[in-house]
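Here is the structure we will look at, set down as structure tokens.
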Amino acid sequence: GFSSFGAISPFVRVNMASIGDTVPAVPSSSSLVVDNPYPQEWGHTASFATRSDKIVCVLVGLPARGKSYIARRLAQYVSFFYSTPCKVFNVATYLRNLSGQDIHPFSEEAEPHRVRANEEALADVCEWMEEAIKPKPKRRKLEAQGLSGDTARRTTCDTGGPYISGEFEFGALAVYDGTNCTVERRKWVMEKLKPTGAKIIFIEVSCDDDAAVLRNLLAERIAQGEAEPAEEEKRRILHDFEVRIAHYEKSYEPVTEKAMSWIRVARGNSNEVTMHNIRGFLPSRIAQFLMNLNLERQPFYFTRHGQSQYNQLAKIGGDSDLTELGEEYATELAKWVQNHVKVSADGSPQPARLWTSSLRRTIRTARHITHEKIILPNGTEWVQMRPKRWRNLDEIYAGLCDGMTYEEISTHFPNEAAARKADKFEYRYPRGESYSDLISRLEPMAHEMERMQQPLVVVAHQAILRVLYCYLMELPRESCPQAAIPLNTVIKLIPTAVGCKEERFDVIPKRPGVELDPASH
């Protein structure tokens with residue numbers, strides 16, 4: 001039983017062979033009697049929403065300053081890592097629906113449509129917020145599969161209590177994405193939002209770099225497949241845009257109201273973040289996220305380690321070395337990175353970064369990538385892809401099941417196998433981790449990735465990359481276990497104004513009939 005092990009941390013790896021030849025059994029309810037008529041159920045606290053549970057972030061700033069990109073990334077961050085209902089209300093979308101494509105959204109003739117678009121967007125914020133904070137019981141997947149009552153309780157993890165991480169969801173974040181350039185407009189917004197009882201945080205975004213404004217202006221067109229215009233055409237586009245928004249600039253009033261909560265994000269020649277009256281856990285996390293968010297969007301390259309010995313044996317977890325096929329991938333990956341990551345479009349060297357986990361199979365997969373020195377335009381010496389190892393990027397820990405095959409788990413821990421099958425996302429391995437735990441472990445990595453100013457290669461593991469992939473692709477957190485992250489493949493993700501663009505590359509040719517990766521978390 002468990003008593004012979006003491007307390008084992010989820011990050012301590014147990015060598016089962018050193019403990020004994022037999023796999024320890026998880027005590028079941030039939031073999032363990034505890035006088036506990038009122039058991040505590042593990043999970044998030046359930047309490048009715050209060051004012052501090054509801055937040056509306058109101059964007060402020062001139063057009064093409066990156067407000068919509070910030071709105072999208074912020075909503076995904078809060079939704080994904082804190083399981084909080086989030087929605088972006090983009091005034092420009094409402095305006096296009098009202099005026100069509102014939103009237104330019106930034107022109108003076110579009111003003112009547114803008115007024116109505118703002119009113120409709122705010123009305124929808126209030127209506128959505130009221131609905132979002134209502135308690136919503138989660139239907140257990142066990143019950144959805146026909147298991148209920150005592151049967152469902154018997155099928156939960158035998159390590160104590162149900163594996164579902166919470167019964168209800170509370171609180172909500174709405175992001176109101178508009179210009180809101182005057183004090184009068186911001187007072188009007190606050191008055192309209194007063195019935196929600198939400199905490200209102202204004203997020204002002206400014207940029208004093210014309211080149212960055214132009215990139216933001218062209219970002220949506222390019223993301224939708226349009227070719228990048230020539231330099232002369234770019235200058236004309238920027239000039240026409242500045243003429244159209246001149247009336248905005250004349251009336252623009254920066255956020256300085258002492259009675260409000262606000263965060264000011266300045267980008268371009270002056271990179272700084274200032275804030276006023278920001279209190280509470282989630283507002284503080286929002287502020288920290290905005291401090292790290294880089295509007296110059298760099299690509300991410302995700303790849304799993306080469307085939308490991310445990311992959312070949314259908315075992316999960318462990319810290320095994322690479323197979324011959326895994327070593328082949330490691331060699332070819334270094335060549336691929338040299339030709340596709342370390343050089344820019346014109347063939348000149350560009351600085352890039354490399355992350356791995358602390359486990360042997362990722363370190364050895366990345367070891368052939370070279371680390372030559374280059375000189376940056378500012379004269380700084382840069383070591384290409386200096387490897388950085390993160391314990392946060394280690395594979396999901398399978399606890400007592402570490403190093404076992406799924407057939408062995410079904411034999412020794414049948415209840416665990418049933419619980420995992422019922423809900424792969426919330427299931428926690430005995431004395432190990434769940435995907436929900438993994439998301440919490442990877443939140444610091446999201447901050448590190450959002451601040452990247454160079455292309456980043458991440459050599460990690462299937463469950464880890466599933467989480468990072470779903471976060472960047474703006475997918476629900478519950479979809480992580482279904483994300484396809486095959487071996488011998490590089491996944492390139494490029495953040496854009498309308499979401500991430502994805503490309504996949506087979507670094508070594510597929511071999512029909514060869515089972516590369518039979519095990520899966």
Side-chain angles (χ1 to χ4, degrees), residues 2 5 8 10-17 19-28 140-142 144-147 151-152 154-159 162-164 304-323 325-326 357 359-362 394-438 460-467 478-489 513-521:
F2 282 158
F5 296 101
I8 299 178
F11 294 99
V12 176
R13 305 188 183 280
V14 181
N15 184 347
M16 304 307 293
I19 296 173
D21 295 332
T22 60
V23 178
V26 178
S28 65
R140 291 178 181 272
K141 293 191 177 181
L142 290 169
Q145 295 186 13
L147 300 176
T151 305
R154 286 196 303 271
T155 316
T156 57
C157 290
D158 282 333
T159 51
Y163 64 90
I164 303 297
R304 289 173 63 187
H305 53 80
Q307 186 190 50
S308 70
Q309 294 168 343
Y310 272 23
N311 288 146
Q312 196 172 47
L313 297 171
K315 294 176 178 288
I316 63 173
D319 193 14
S320 63
D321 207 337
L322 301 178
T323 64
L325 183 61
S357 75
L359 297 178
R360 185 182 314 169
R361 54 193 183 273
T362 63
D394 286 0
E395 181 60 296
I396 187 172
Y397 184 46
L400 295 181
C401 300
D402 187 56
M404 299 174 68
T405 67
Y406 283 113
E407 290 73 16
E408 290 170 338
I409 295 173
S410 297
T411 300
H412 294 287
F413 305 140
N415 285 356
E416 298 296 317
R420 178 180 177 275
K421 183 178 181 181
D423 189 346
K424 193 173 178 181
F425 176 75
E426 293 285 6
Y427 170 74
R428 176 181 283 111
Y429 287 100
R431 300 197 178 178
E433 292 179 294
S434 67
Y435 270 94
S436 185
D437 297 328
L438 205 57
H461 309 269
Q462 180 167 242
I464 295 292
L465 295 179
R466 279 173 168 169
V467 171
E478 292 79 9
S479 67
C480 289
Q482 286 74 49
I485 312 290
L487 286 172
N488 304 336
T489 303
V514 177
E515 188 67 44
L516 296 176
D517 185 24
S520 169
H521 279 292

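When a residue number appears, it is its place in the shown sequence, counting from 1. What's counted below: heavy atoms across the whole structure, side chains too, no hydrogens, waters or symmetry copies.
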To the nearest 0.5 Å, what is the distance between [atom1] on [X] and [atom2] on [Y]?
X: His461; Y: Leu359; atom1: NE2; atom2: CG; value: 4.0 Å
X: Cys480; Y: Lys424; atom1: SG; atom2: NZ; value: 11.0 Å
X: Arg361; Y: Asp319; atom1: CZ; atom2: CG; value: 6.5 Å
X: Lys315; Y: Ser308; atom1: NZ; atom2: OG; value: 11.5 Å
X: Ile396; Y: Tyr429; atom1: CD1; atom2: OH; value: 6.0 Å
X: Ser436; Y: Phe425; atom1: OG; atom2: CZ; value: 5.0 Å

Do you know the tightest heavy-atom contact between [X] and [Y]?
X: Ile409; Y: Met404; value: N-CE, 3.8 Å
X: Thr489; Y: Pro486; value: OG1-CG, 3.6 Å
X: Ser434; Y: Glu426; value: CB-O, 3.6 Å

Expected output: side-chain [X] to main-chain [Y] donor-acceptor under 3.5 Å:
X: Ser320; Y: Tyr310; result: yes
X: Arg420; Y: Tyr427; result: no
X: Arg304; Y: Ile485; result: yes
X: Thr405; Y: Ala314; result: no
X: Asp394; Y: Ser357; result: no

>> For Leu487 and Leu325: C-alpha separation, side-chain torsions, deciding distance, then whether side-chain contact (heavy atoms from CB on, under 4.5 Å) applies.
In response: CA-CA 11 Å; Leu487 286 172; Leu325 183 61; over 6 Å; no

> Do Tyr435 and Glu478 have side-chain atoms, one donor and one acceptor, less than 3.5 Å apart?
Replying inline: no

> With side chains defined as the heavy atoms from C-beta onward, is the minimum distance between Asn311 and His305 less than 4.5 Å?
Replying inline: yes

> Are side-chain heavy atoms of Leu438 and Ile464 found at a separation under 4.5 Å?
Replying inline: yes

